[in-house]
**Q** 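Can you read through this structure? Questions will come right after.
This chain uses plain numbering: 1 for the first residue, then up along the sequence. Treat the numbers as computed from the prediction; the structure is a model and nothing was measured.
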Amino acid sequence: MIHKGTLNDAVSDSTITAISQLLSVAADETRLRILLSLYRGEKCVKEIQEIVGASQSLVSHQLSVLKKFNLVSSRKDKNLVYYSLNDYHIISLIQSAYEHITQD
């Protein structure tokens with residue numbers, strides 16, 4: 001789990017590893033497309049699959065990776081599972097990356 005301090009604090013090797021893993025997971029293009037598809041709200045696998053343009057098995061696999069790293073959460077409603085971004089930190093991470101890339 002990532003340390004709850006600030007970057008002004010000494011950053012341990014384990015925290016650096018955890019941050020590196022988080023950014024690596026989010027950096028995969030398919031997983032990033034999934035995260036972006038969830039940016040505006042929760043969706044079921046079929047909706048994500050259509051937006052991302054990937055197979056159901058690939059989307060499901062990538063969602064399990066994202067869930068393992070606490071980037072997405074899920075809820076079941078009858079026969080469908082809906083996914084959403086886990087918390088505002090993920091939204092902030094995506095927004096910050098977008099602003100960094102699109103700045104003048």
**Q** Would Arg33 and Gln62 count as a side-chain contact (heavy atoms from CB on, under 4.5 Å) if you check the C-alpha gap in whole Å, the side-chain angles of each, and the deciding distance to 0.1 Å?
**A** CA-CA 10 Å; Arg33 288 179 193 280; Gln62 298 300 351; over 6 Å; no
**Q** How close do Phe69 and Leu22 get, heavy atom to heavy atom, and via which atoms?
**A** O-CD1, 4.5 Å
**Q** Take Val65 and Leu71, measure what side-chain contact (heavy atoms from CB on, under 4.5 Å) needs, and give me the verdict at the end.
**A** CA-CA 9 Å; Val65 172; Leu71 295 174; over 6 Å; no
**Q** In Å, rounded to the nearest 0.5 Å, how long is the span from CG of Asn79 to SG of Cys44?
**A** 11.5 Å
**Q** I'd like to know if the side chain of Arg31 and the backbone of Val25 have a donor-acceptor N/O pair within less than 3.5 Å.
**A** yes
**Q** Are Ile51 and Val81 connected in the hydrophobic side-chain network, where two residues link if heavy atoms are under 4.5 Å apart?
**A** no
**Q** Taking atom OH of Tyr39 as the centre, report whether more than 12 heavy atoms of other residues, nucleotides or ligands fall under 6.0 Å from it.
**A** yes
**Q** Tell me whether Ile91 is reachable from Leu32 by hopping between hydrophobic residues (I, L, V, M, F, W, Y) whose side-chain heavy atoms are closer than 4.5 Å.
**A** yes
**Q** Of the non-hydrogen atoms in Asn86 and Asn70, which two are nearest, and what is the gap between them?
**A** ND2-O, 2.9 Å
**Q** Is it true that Leu66 and Ile94 fall in one hydrophobic cluster, defined by side-chain heavy atoms closer than 4.5 Å?
**A** yes
**Q** What are the two closest heavy atoms between Leu63 and Val72, and how far apart are they?
**A** O-CG2, 3.9 Å
**Q** Give every residue pair that meets the side-chain hydrogen bond (donor to acceptor under 3.5 Å, both in side chains) criterion with at least one member in residues 46-60, sequence neighbours excluded.
**A** Ser55-Ser57, Gln56-Ser60
**Q** Please check if the side chain of Ser92 supplies one atom and the backbone of His89 the other of a donor-acceptor pair under 3.5 Å.
**A** no
**Q** State the CG-CD1 distance between Leu35 and Ile90, to the nearest 0.5 angstrom.
**A** 7.5 Å
**Q** Could you verify whether a donor N or O on one side chain and an acceptor N or O on the other, from Lys67 and Ser74, lie under 3.5 Å apart?
**A** yes
**Q** Once rounded to the nearest 0.5 Å, what's the spacing between atom CG of Leu85 and atom CZ of Arg40?
**A** 12.0 Å
**Q** Check step by step if side-chain contact (heavy atoms from CB on, under 4.5 Å) holds for Leu23 and Leu93.
**A** CA-CA 9 Å; Leu23 294 175; Leu93 181 65; 4.1 Å; yes
**Q** Between Thr17 (side chain only) and Asp13 (backbone N and O only), is there a donor and an acceptor less than 3.5 Å apart?
**A** yes
**Q** What is the minimum heavy-atom distance between Tyr83 and Ile48, and which atoms define it?
**A** CB-CD1, 4.3 Å
**Q** Do Gln103 and Glu99 have side-chain N/O donor and acceptor atoms under 3.5 Å apart?
**A** no
**Q** I'd like to know whether CG of Asp77 has more than 12 heavy-atom contacts from other residues, nucleotides or ligands below 6.0 angstrom.
**A** yes
**Q** Hydrophobic clustering (ILVMFWY, side-chain heavy atoms < 4.5 Å, transitive) - are Val59 and Leu36 grouped together?
**A** yes
**Q** Please round to the nearest 0.5 Å and tell me the distance separating atom CD1 of Ile34 and atom CD of Glu29.
**A** 12.0 Å
